[in-house]
Amino acid sequence: MARKAPASEALEYHGRLREILAILARHEIVKGISPAKLRAIVEDLGPTFVKLGQIMSMRRDMLPEAYCTELARLRTDVKPMDFTDVKNVIESEYKSPVHAVFSELDEEPLGSASIAQAHAAVLRDGRRVVVKIQRPGIRETMSRDIQLLHRASRLLKLTEVGDVIDFNMVLDEMWAVAQQEMDFLIEAQNAEEFRERNREVAFVDCPRIEHRHTTSKVLVMEYIEGIPIDHLSALLAEEYDLEEIGLKFADNYVKQIVDDGFFHADPHPGNIRIRDGKIVWIDLGMMGRLSVRDQELFREAVKAIVRGDVDALKGILLTIGVCTGKIDHARLYTDIDDFLTKYGKMELGTMDLGQMLEEILTLAKQHHIAMPKGVSMLGRGVLTLEGVLAVISPEINLVKIMANRLSSEMLQEFDLKQELRTNARRLYESGRKAIDLPAQMSDLLRMGIKGQAKLNLELLGSEQPLSSIDRMVNKIIKCIFSAALLIGSCMLCTTDMKPRILEIPILGLLGFAAALLIGFWVLWDMHKDKKHKN
């Protein structure tokens, strides 16, 4: 596809910006904003902002509870698109009329989301299905809005919000996930992989995909006549045990994380049904992945938290993440120790896994450690899942279930013969190293006597005082330079040097001006340092 001319792109951006400002004016945003008004504004702003609202609905550390609750409705309660647009998309993809594939297609949508909406339908062979149709022009609209939001995010860096959350990171992650969701062929592959990985789990299922009628913009899948997992009265009327559902629901999610490394990244109630005693996971467009290495590190992190092992958790954070700046290892160790001390005082059954993951992600960000996309998606997924558990079975604790699964795995994997062989090998290696110790000590003493020994030290935490001294010296140099200019200019004024302005030599006047500018520069630096300390 040919790239548009810069002038054309600029006109589009300005047009979209005017549209956004008009929507904000129509909702009278200057008169204040309520949770309901915020949701209405987000809906009118379009699919990009709806998607962003869905993400922010899970950030209770940033928004009040009432706003998060209202924004959560955006997951399943978005303004639907016209049925004419629905038909046009289907016919454009199939290159044939709607009735050639479906004998019936309900005009009323089953659900409407930011990227697509679903309609009930009947195939020509009589089978009931759900048709998921992508909103027309969604990719171009979201791409343009994302670029606008990236530009706007520069302003957030000037506010306290910019310190709380990396808005650019949120936008990049949202766009990456949205692009996957906009290709329904990926969702179809996800469904097949999910079914295969849970083939031996008797109480888990997902919709079957009609691959023959599925394209990148139209997805046809089995119609699930189940009960939403949060419809408690309907579940109780069918004599379901809510605690059993909650335990199986949590246990399967832990399996997805720990065993499969392939998990549902948006397990909100609208995506979970109970049918014939099975938990049916639907809408598999947003799936998270953990590599085999990340899975193992995640297991080790859980064990380190349970044991209160600061060194192990610090090593795992540095291994799984990417360092984006200089690491203050002493402060990182202290912060991890504080984190483990806080949770070490709790009973295992009272720990909140979602909150723990959020705190770890925040701690990593503060220390310039960027987590992989799968880990941040996992944090949001666990928070959402715990919200569902709080509704159906509040006493169930995800940390306890995960610890039990890991403990049982460790017992299953324990091999006495292998342990004996490993320990014998370690003992042999330690013996070999012990034999070398006297010779090494002798070499060290001989080098010390000859003055050849060197000691390498790293003074942790020394960077800040040294940088303060460096700034202070720079200010002194500026003051000396300003004073020299001032004295030199005064001396020039006593001479008959020409040309002159207002009876003052031009060179002297320039010196006065330079001295004044440098003086203001020093005063401004001092003001900034004082403000930073406060």
By side chain to side chain contact (heavy atoms under 4.5 Å, CB included), E359 pairs with (sequence neighbours left out) F339, K342, Y343, Q355

Nearest heavy-atom approach of F49 to D145 is CE1-OD2, 3.9 Å

Tell me if a side-chain donor or acceptor on E210 pairs with a main-chain N or O of E222 at a distance below 3.5 Å.
no

Do T384 and E386 have side-chain N/O donor and acceptor atoms under 3.5 Å apart?
no

Closest heavy-atom contact between F184 and V218?
CD1-N, 3.4 Å

Enter the distance from I20:CD1 to I41:CD1 here, rounded to the nearest 0.5 Å.
12.0 Å

Have R39 and S34 got a donor and an acceptor in their side chains that come within less than 3.5 Å?
no

Mind checking whether K132 and E187 have side chains closer than 4.5 Å, heavy atoms only?
yes

Ignoring hydrogens and angles, state whether a donor on the side chain of D183 or Q179 is under 3.5 Å from an acceptor on the partner side chain.
no

Could you report the tightest heavy-atom contact between I209 and A188, atom names first, then the distance?
CG2-CB, 3.9 Å

Compute whether any side-chain donor of one residue and acceptor of the other, for D44 and H27, lie under 3.5 angstrom apart.
yes

Donor-acceptor check, side chain of H367 to backbone of I369, threshold 3.5 angstrom: yes or no?
no

Is the shortest distance from a Lys or Arg side-chain nitrogen in R289 or D294 to a carboxylate oxygen in the other one below 4.0 Å?
no

Checking the side chain of R195 only, and the main-chain atoms of C206 only, is there a donor and an acceptor separated by less than 3.5 Å?
yes

May I have all residue pairs that pass side-chain hydrogen bond (donor to acceptor under 3.5 Å, both in side chains) and include part of residues 86-107, sequence neighbours excluded?
E93-T215

Between R144 and E140, is there a salt bridge with N-O shorter than 4.0 Å?
no

Main-chain N/O of D205 paired with N198 side-chain donor or acceptor, under 3.5 Å:
no

State, to 0.1 Å, how close L242 and I392 come at their nearest heavy-atom pair, and which atoms those are.
CB-O, 3.6 Å

For the side chain of R127 and the backbone of R124, is there at least one donor-acceptor N/O pair under 3.5 Å apart?
no

To check you understand the geometry: which heavy-atom pair defines the closest contact between I282 and P207, and what is its length?
CG2-CG, 3.5 Å

Keeping the roles fixed (side chain from R197, backbone from F262), state whether a donor-acceptor pair exists under 3.5 Å.
no

